[in-house]
Protein chains: 2
Amino acid sequence: MADKHELRDKGLRLTPQRELVLAAVRALEHATPEEVAEKVKQTHPGINLSTVYRNLETLENVGLVQHSHLGHGGVRYHASTEEIHAHLNCESCGTIIEVPIDATASFTQSLLDGYGFHTDLAHLAIAGRCETCFNMPETFNKP
Amino acid sequence: MADKHELRDKGLRLTPQRELVLAAVRALEHATPEEVAEKVKQTHPGINLSTVYRNLETLENVGLVQHSHLGHGGVRYHASTEEIHAHLNCESCGTIIEVPIDATASFTQSLLDGYGFHTDLAHLAIAGRCETCFNMPETFNKP
DNA sequence: CACTAATTGCGAAAGATTCGCACTTGCCGC
DNA sequence: GCGGCAAGTGCGAATCTTTCGCAATTAGTG
């Protein structure tokens with residue numbers, strides 16, 4: 001699971017809670033803080049939500065995890081080691097489609113050329129509608 | 001400001017609060033509900049925050065305004081008549097760069113071709129760093 | 001002018017995240 | 001191995017944003 005040294009090497013103490021939070025983020029992919037807490041509780045029922053929030057923040061500061069905003073819902077965390085991808089978020093059904101980041105390279109390059117903007121497509125989802133929902137007008141505007 | 005008929009035509013009652021909310025959204029561009037309320041209070045100090053929220057929702061339902069998620073902050077509303085554009089949101093300094101939607105056409109087309117996904121780039125901002133912040137490493141990770 | 005339904009104000013509630021503070025515990029040096 | 005100290009945790013309260021219920025008000029209609 002979590003290598004004993006990767007936390008220590010970052011100057012962090014090695015607590016069971018912290019290890020479990022990191023392991024949960026890695027196992028879950030795109031998990032909300034709530035879901036991470038849920039997962040951790042399976043092996044450490046006493047963990048406090050505050051502790052989960054604090055550890056997510058701490059782990060993010062040292063670069064082991066990152067968060068993204070994947071839609072109307074809230075924040076979601078993923079391990080930094082996960083392959084980088086953009087997220088297409090269907091506003092009707094909530095489906096998340098993952099797109100390899102190199103499929104977006106020419107777009108981000110054009111933003112760099114045109115606006116000097118260094119795009120981080122992994123951080124915010126791209127909104128829209130998937131094929132299925134697009135063909136069901138009655139679901140429009142009701143995510 | 002707000003044409004007397006555009007609200008009535010949508011089947012809505014014409015109340016001073018509603019007119020002012022619509023006017024504020026149009027005047028402010030990318031305003032949070034909080035900011036809209038602030039603006040409305042300049043001419044109608046008694047307005048209640050709930051009323052602002054309800055009117056934003058109502059106005060969105062009839063298509064006069066829309067909301068987007070522009071970054072870590074919260075929701076922002078803009079008038080539907082504004083020219084459609086994507087938003088590049090610098091995570092360091094919070095600057096919003098507006099990009100005409102046709103500059104993104106080939107990207108959205110490729111998402112449609114490749115994933116059957118109908119992209120609405122106006123709804124969620126694109127995260128990244130502006131030129132200035134990109135060249136100031138010390139500001140990294142502290143939006 | 002009276003009537004009815006839409007709208008507002010207000011206070012409370014709900015959900016998510018943060019904070020303060022006292023208690024606990026990992027880690028370092030001895 | 002043992003003690004001390006700062007980092008980390010648990011807990012409850014505070015904050016912030018958004019929503020809700022309900023009674024009072026008001027726009028639009030005839």
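Order of the sequence lines sets the chain letters (A, B, ...), proteins ahead of strands, with each chain counted from 1.
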Next item on the list: Any chance you could measure Ile126(B), atom CD1, to Phe117(A), atom CZ, to the nearest 0.5 Å?
Entry: 7.5 Å
Notebook entry, point to check: So which nucleotide from dG26(C), dT18(D), dA27(D) ends up closest to the side chain of Thr15(B)?
Noted result: dA27(D)
Next item on the list: Taking only the side-chain nitrogens and oxygens of His67(A), find out if one of them lies under 4.0 Å from OP1 or OP2 of dT17(C).
Entry: no
Note to self: Of the listed nucleotides (dG8(D), dT17(C), dG21(D)), which one gets closest to any side-chain atom of Arg54(B)?
What the structure shows: dG21(D)
Note to self: Between the side chains of Arg76(A) and Glu35(A), is the shortest nitrogen-to-carboxylate-oxygen separation below 4.0 Å, so that they form an ion pair?
What the structure shows: yes
Next item on the list: Specify the separation, in whole Å, of atom NE2 of His44(B) and atom P of dT25(D).
Entry: 14 Å
Note to self: For the OG atom of Ser110(B) and the OH atom of Tyr115(B), what is their distance to the nearest 0.5 Å?
What the structure shows: 8.0 Å
Note to self: Output the rounded distance in Å from CG (Asp9(B)) to P (dG28(D)).
What the structure shows: 12 Å
Checklist line | Between dG26(C) (P) and Asn55(A) (CG): distance, integer Å | finding: 13 Å
Note to self: Just the rounded figure in Å: distance from P of dA16(C) to CZ of Arg76(A).
What the structure shows: 12 Å
Checklist line | Protein-nucleotide distance (Arg18(A), atom CZ; dC27(C), atom P), rounded to Å | finding: 10 Å
Note to self: With nearest nucleotide decided by heavy atoms, which residue, Glu34(B) or Arg13(B), maps closer to the 5′ end of DNA chain D?
What the structure shows: Glu34(B)
Checklist line | Separation between CG of Leu88(B) and CD of Glu98(B), rounded to the nearest 0.5 Å | finding: 9.5 Å
Notebook entry, point to check: Given that Ser50(B) and Thr51(A) both sit by DNA chain D, which one's nearest nucleotide is further toward the 5' end?
Noted result: Thr51(A)
Item checked: Minimum-distance nucleotide to Leu49(B) side chain [options: dT18(D), dT9(D), dC22(D)] -> dT18(D)
Next item on the list: Report yes if at least one side-chain N or O of Arg8(A) is closer than 4.0 Å to OP1 or OP2 of dC28(C); otherwise report no.
Entry: yes
Check: Counting side-chain heavy atoms from CB outward, which of dC27(C), dT18(D), dT8(C) is closest to Leu14(A)?
Finding: dC27(C)
Notebook entry, point to check: Any side-chain N or O of Gln17(B) under 4.0 Å from OP1/OP2 of dG9(C)?
Noted result: yes
Notebook entry, point to check: Taking CG from Leu7(B) and C1' from dA6(C), how many angstroms apart are they, rounded to a whole number?
Noted result: 14 Å
Item checked: Ion pair check, Lys39(B) and Glu29(B), cut-off under 4.0 Å -> no
Next item on the list: Write down the distance between OH (Tyr77(B)) and C1' (dT17(D)), rounded to a whole number of angstrom.
Entry: 12 Å
Next item on the list: Starting at atom CG of Asn48(A), determine the distance to atom P of dA16(C), rounded to an integer number of angstrom.
Entry: 15 Å
